[in-house]
Protein chains: 2
Amino acid sequence: MPTRRSTATMKDVALKARVSLATVSRAFAAPGSVSETLTQRIVAAARDLNYTLNVNARSLRSQSSGLVVVLIPDIGNPFFSVLLQGIEEQARALGLAILIGDTHGDRELAATYARLLDTRRADGMILLNGTVPNRAHDGARLSPQRYPVVAISERIPGADIAMVGINNRAAGFEAVAHLAGLGHRRIAHIMGPADNILTHERAQGYREGVLAHGCDLWPEALQPGAFSIRAGRAAMAKLLDGPAPPTAVFAANDEIAIGAIIEAKARGLHVPRDLSVVGFDDIEYAESYDPALTTINQPRREMGRRAMAMLGELITDPDHRQADVNLEYQLVVRASTAPPRVASRKPVSRT
Amino acid sequence: MPTRRSTATMKDVALKARVSLATVSRAFAAPGSVSETLTQRIVAAARDLNYTLNVNARSLRSQSSGLVVVLIPDIGNPFFSVLLQGIEEQARALGLAILIGDTHGDRELAATYARLLDTRRADGMILLNGTVPNRAHDGARLSPQRYPVVAISERIPGADIAMVGINNRAAGFEAVAHLAGLGHRRIAHIMGPADNILTHERAQGYREGVLAHGCDLWPEALQPGAFSIRAGRAAMAKLLDGPAPPTAVFAANDEIAIGAIIEAKARGLHVPRDLSVVGFDDIEYAESYDPALTTINQPRREMGRRAMAMLGELITDPDHRQADVNLEYQLVVRASTAPPRVASRKPVSRT
DNA sequence: TTGTATGCGTTATCAC
DNA sequence: GTGATAACGCATACAA
């Protein structure tokens with residue numbers, strides 16, 4: 001007995017429960033405002049008729065859809081997908097549905113998705129990519145005064161948008177401090193892409209760490225790169241080809257770190273005996289890699305949850321000014337870091 | 001000059017373009033049916049007024065929302081997130097938006113999300129978890145006659161739902177064939193979770209492979225497990241603790257394979273010298289692992305795209321019967337498999 | 001507390 | 001081709 005697609009409307013429910021249509025609406029929207037008896041009759045009638053609220057109609061009438069747009073540069077990337085998971089959990093708790101948009105790092109595509117705010121009357125948006133879509137030809141349409149927007153991880157320059165993330169500079173500093181504490185003096189840094197905000201924050205932390213601990217800071221110590229294994233390998237190769245290779249590397253994320261380790265291994269080096277590597281993010285596979293990665297853990301799921309919670313408040317009260325939230329990061333020491341074979345002031349003897 | 005939220009409606013556009021409301025609607029919906037001159041006037045007026053179509057109103061009237069629900073057991077898992085990426089790409093091409101639901105493997109949650117088909121008048125649904133939500137107390141509501149539904153990867157038993165995936169049995173067979181070809185005779189299989197359909201298909205392929213190649217098939221050769229690194233480790237430990245450990249293992253997915261390798265390494269074994277391991281899925285990190293994983297590549301992105309394309313056809317023509325689609329998989333031989341140290345039937349000479 | 005009446009912005013059904 | 005007009009299903013101002 002295939003149940004038919006519920007075509008019953010509030011009118012039907014009202015008829016069956018012998019109340020007015022308005023009362024049915026109220027019974028569902030504001031449970032307290034309808035008397036006990038009527039509520040029971042209405043609920044029973046709705047059940048019998050297999051009634052389902054038509055959200056489209058509600059959205060049209062109320063001018064808000066219960067939809068939240070989430071803009072992600074790359075869903076396939078575990079870093080983002082776990083963030084999304086946190087967002088999803090909180091959204092569900094708030095009764096909001098998630099409209100997903102993979103921007104592939106393309107601003108034009110991001111703009112397309114951002115338009116859902118208008119066309120679908122989405123209630124808000126979460127940005128995971130550090131850029132405001134469509135700034136160029138669409139001006140201030142995304143200012144939080146118009147639309148509730150929250151950014152994750154990356155501070156968006158020039159936009160008054162609340163953010164939840166961690167202190168990347170401090171984390172970078174701590175990564176270097178860990179290495180320096182192990183005795184390393186020649187520590188390189190493989191950076192993320194140049195147009196990324198996080199890249200600069202982490203690099204800044206690196207610089208401060210190197211300075212504070214009296215480590216070397218030579219011209220090639222800061223290697224440009226990208227958030228990928230391939231880029232990590234390439235940068236590590238350059239570092240190793242240099243006249244005085246580092247004994248340790250701080251990578252701007254775990255994929256870079258893995259790339260660096262692959263390259264080191266390919267050259268017969270042992271990690272961490274010959275080279276220590278610190279990553280960033282603590283993605284799933286960091287723990288299972290060989291060697292297990294020493295890295296900075298970001299509470300990704302929690303970041304997603306908090307961002308969604310903030311957005312929720314912003315939606316219910318658009319005038320509420322949200323302060324940025326910096327969550328706790330954590331240096332997780334595993335097997336990819338160790339004291340240098342020989343302190344680097346004196347020449348390193350290699351077999 | 002912050003552009004105001006577009007509050008202009010078709011009525012405004014009609015007024016400004018000096019045409020009727022109906023004509024404006026037609027100009028956008030069926031571009032061919034309105035004369036050249038009027039179309040131009042309408043487009044111009046819409047631009048001037050910064051007009052945006054209100055999709056909620058359209059959905060209410062047309063009884064369809066342009067929304068597709070995607071049910072995923074775990075967005076954080078790279079296997080699924082890349083599938084999602086494929087789905088997203090195709091959906092964008094079709095002008096559909098994706099409503100995402102992470103079921104966390106929970107049927108109750110899945111049912112909740114499936115209700116979006118009713119409440120939001122979603123046009124269809126894609127299932128990534130091998131179960132039809134809400135079967136228990138909601139009967140045949142999800143039959144494709146009522147709602148366009150497509151499943152990915154897992155055939156859903158008892159439901160007449162089109163599927164796109166690969167031939168898991170044949171792939172399992174091929175994995176064993178590869179191992180047997182290398183000279184292995186004692187090949188174990190670490191399975192996925194017992195309630196998963198893929199688990200049985202791959203295990204069946206394993207059995208047939210073992211039989212066809214005259215390999216051993218001892219009682220503990222098939223280890224129950226789950227799709228996780230931890231489960232892979234545990235199962236490998238049992239295998240290694242047995243009286244006559246295998247020289248090779250076919251793992252039901254890459255995470256299991258990684259777990260198996262970790263355990264083997266922890267016991268001082270070398271992979272692939274002492275133990276060969278074949279994975280399944282070819283996730284991102286399979287290539288970068290040490291050793292790089294020999295595994296079965298599933299065209300995940302393409303699977304997502306195809307599923308969404310099929311769903312699109314199903315949406316435009318609900319009576320169209322979609323045939324299952326089996327895409328090409330591929331055994332990717334990398335560094336985690338090698339001939340056994342000593343062949344179990346005949347000795348293999350190794351340098 | 002409950003009922004009546006109106007409108008949200010579109011598409012569809014008529015006519016012309 | 002184009003225009004008037006009636007739904008679509010619900011929320012809410014107002015009246016009772």
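All values derive from a computational prediction rather than experimental measurement. By convention in this document, chain letters (A, B, ...) are assigned in the order of the sequence lines, proteins followed by strands, and residues within each chain are numbered from 1.
A:T9 has a side-chain polar atom (N or O) that falls below the 4.0 Å cut-off from OP1 or OP2 of D:dC10.
Between B:Y51 atom OH and C:dG9 atom C1' the separation is 7 Å, expressed in whole Å. Put simply, CG on B:D12 is 13 Å from C1' on C:dT10, counting in whole angstrom units. The CG atom of A:N54 sits 17 Å away from the P atom of C:dT10 (whole-angstrom rounding). When rounded to the nearest whole Å, the span between CG of A:L21 and C1' of D:dA11 equals 9 Å. If you take CE of B:M10 and P of C:dG7, they are 20 Å apart, rounded to a whole angstrom. Atom pair A:F28:CZ and D:dG9:P shows a separation of 15 Å (rounding to whole Å applied). One interatomic measurement links the two molecules: CZ of B:R18 to C1' of D:dT2, which rounds to 15 Å at whole-angstrom precision. B:E36 has its CD atom 11 Å from the P atom of D:dT2, to the nearest Å.
No side-chain donor-acceptor contact under 3.5 Å links B:T119 to the backbone of A:N54.
Closest to the A:S35 side chain, of the nucleotides C:dT4, D:dG3, C:dT2, is C:dT2. For B:S25, counting side-chain heavy atoms from C-beta on, the closest listed nucleotide (D:dA11, C:dT11, D:dG3) is C:dT11. The listed nucleotides are D:dC10, C:dT11, C:dT2; the one nearest the side chain of A:R26 is C:dT2. When the nucleotides D:dG3, C:dT11, C:dT2 are ranked by their closest atom to the side chain of B:T23, D:dG3 comes out on top. The nucleotide whose nearest atom lies closest to any side-chain atom of A:Q63 is, among C:dT10, C:dG9, C:dT11, C:dG9. The listed nucleotides are C:dT11, D:dG9, D:dG3; the one nearest the side chain of B:V19 is D:dG3. Closest to the side chain of A:L60, out of D:dC10, C:dG9, C:dT10, is C:dG9. Ranking C:dT6, C:dT2, D:dA6 by closeness to the B:R61 side chain, first place goes to D:dA6. Here D:dC10 is the nucleotide among D:dC10, C:dT11, D:dT5 with the atom lying nearest to any side-chain atom of A:R58.
Across all strands, A:V34 comes closer than 4.0 Å only to sugar-phosphate atoms, never to a base (heavy-atom distances).
Here CG of A:L96 is found 5.5 Å from CD1 of A:I315. Values are rounded to the nearest 0.5 Å.
Here the rule is side-chain contact (heavy atoms from CB on, under 4.5 Å) with B:L116, and of B:L99, B:L67, B:L71 only B:L99 fits it.
A salt bridge between B:R305 and B:E302 is present, with a side-chain N of the basic residue lying under 4.0 Å from a carboxylate O of the acidic one. Using a cut-off of 4.0 Å between Lys/Arg side-chain N and Asp/Glu carboxylate O, B:D102 and A:R92 are scored as not salt-bridged.
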